[in-house]
Visitor: 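Got a structure here, written out as structure tokens. Questions coming.
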Amino acid sequence: VQLQAFGGGLVQAGDSLRLSCVASGRTISSFLMGWFRQAPGKEREFVGAINWSAGSTYYADSVKGRFTISIDNTEHTVYLQMNSLKPEDTAVYYCAASIWAMSRAFSSYKYWGLGTLVTVSS
């Protein structure tokens, strides 16, 4: 499975941004697609995930109500819509794929894309 995330950039607090993750390779429709982020000097943390086949979504408390994950099956793309961005959302964002039905642990994700940097200025 190959993953490519893009869409990061510099925005102001309160702005919105949408990240995309294009997936290719194996039959990805059976995978759990996750988004993680890593801020400078901090550990990588779970942002949210979507079960590709079931469509069920899961979010970290810190982003619940502001971030939304969705899938475009035709384009094999997973989106992370980020609204009401805060400076603390500044991080490198990664998309990842897991064979588990649901997991918040990055160790459960076998496939990773390169990150895309999101910077939110105050």
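What's counted below: heavy atoms across the whole structure, side chains too, no hydrogens, waters or symmetry copies.
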Visitor: Under a 4.5 Å side-chain heavy-atom rule over Ile, Leu, Val, Met, Phe, Trp and Tyr, are F106 and V92 clustered together?
Guide: yes
Visitor: Do the non-hydrogen side-chain atoms of W100 and F31 ever get within less than 4.5 Å of each other?
Guide: no
Visitor: Is it the case that more than 12 heavy atoms not belonging to I99 sit under 6.0 Å from its CD1 atom?
Guide: no
Visitor: List, one per line, each side-chain donor-acceptor pair under 3.5 Å for residues 114-122, sequence neighbours excluded.
Guide:
residue	atom	partner	partner atom	Å
T116	OG1	G8	N	3.0
S121	OG	V11	O	3.3

Visitor: List for me each residue that meets side chain to side chain donor-acceptor pair (under 3.5 Å) alongside Y93, sequence neighbours excluded, and say none if there are none.
Guide: R37
Visitor: Return each pair, listed once, that meets ring pair (Phe, Tyr, Trp, His ring centres under 6.0 Å) where at least one residue sits in residues 40-88; pairs must be two or more places apart or across chains.
Guide: F36-F46
Visitor: Is Y109 reachable from I71 through a run of I, L, V, M, F, W or Y residues, each pair having side-chain heavy atoms under 4.5 Å apart?
Guide: no
Visitor: Tell me which pairs pass salt bridge (charged side-chain N to carboxylate O under 4.0 Å, His left out) where either residue lies in residues 65-83, with sequence neighbours left out.
Guide: R66-D89
Visitor: Taking the side chain as everything from C-beta on, heavy atoms only, tell me whether W35 gets closer than 4.5 Å to I50.
Guide: no
Visitor: Any heavy-atom pair between the side chains of L85 and L17 that's under 4.5 Å?
Guide: yes
Visitor: Listing request: all salt bridge (charged side-chain N to carboxylate O under 4.0 Å, His left out) pairs with a residue in residues 50-62, at least two apart in sequence or in separate chains.
Guide: D61-K64
Visitor: State which residues pass side chain to side chain donor-acceptor pair (under 3.5 Å) with S84; sequence neighbours excluded, sorted by chain then number.
Guide: none
Visitor: Which atom pair, heavy atoms only, marks the closest approach of M102 to L32?
Guide: CA-CD2, 3.5 Å
Visitor: Under 3.5 Å, is there a donor-acceptor pair between the side chain of N51 and the main chain of A101?
Guide: yes
Visitor: Quick one: does Q81's side chain get under 4.5 Å of L19's, heavy atoms only?
Guide: no
Visitor: OG1/T57 to CE/M33 distance, rounded to the nearest 0.5 angstrom?
Guide: 14.5 Å
Visitor: State which residues pass side chain to side chain contact (heavy atoms under 4.5 Å, CB included) with Q38; sequence neighbours excluded, sorted by chain then number.
Guide: R44, Y94
Visitor: Quick one: name the residues clustered hydrophobically with F6, using the 4.5 Å side-chain heavy-atom rule over I, L, V, M, F, W, Y, and just say none if it's on its own.
Guide: V22
Visitor: Can you list every disulfide bond (SG atoms under 2.5 Å apart) pair that touches residues 80-122, not counting sequence neighbours?
Guide: C21-C95
Visitor: Starting at CZ of R104, measure out to CD of E45 and round the result to the nearest 0.5 Å.
Guide: 11.5 Å
Visitor: Can you name the residues that form a side chain to side chain donor-acceptor pair (under 3.5 Å) with K110, not counting sequence neighbours?
Guide: none
Visitor: What residue pairs, at least two apart or across chains, pass disulfide bond (SG atoms under 2.5 Å apart) with a residue in residues 38-69?
Guide: none
Visitor: Who passes side chain to side chain donor-acceptor pair (under 3.5 Å) against S103, sequence neighbours left out?
Guide: S108
Visitor: Spell out, yes or no, whether Y111 and V78 are grouped together once hydrophobic residues are joined by side-chain heavy atoms under 4.5 Å, including indirect joins.
Guide: yes
Visitor: Check T90 against A39 and note the closest heavy-atom contact, atom names and distance.
Guide: O-CB, 3.6 Å
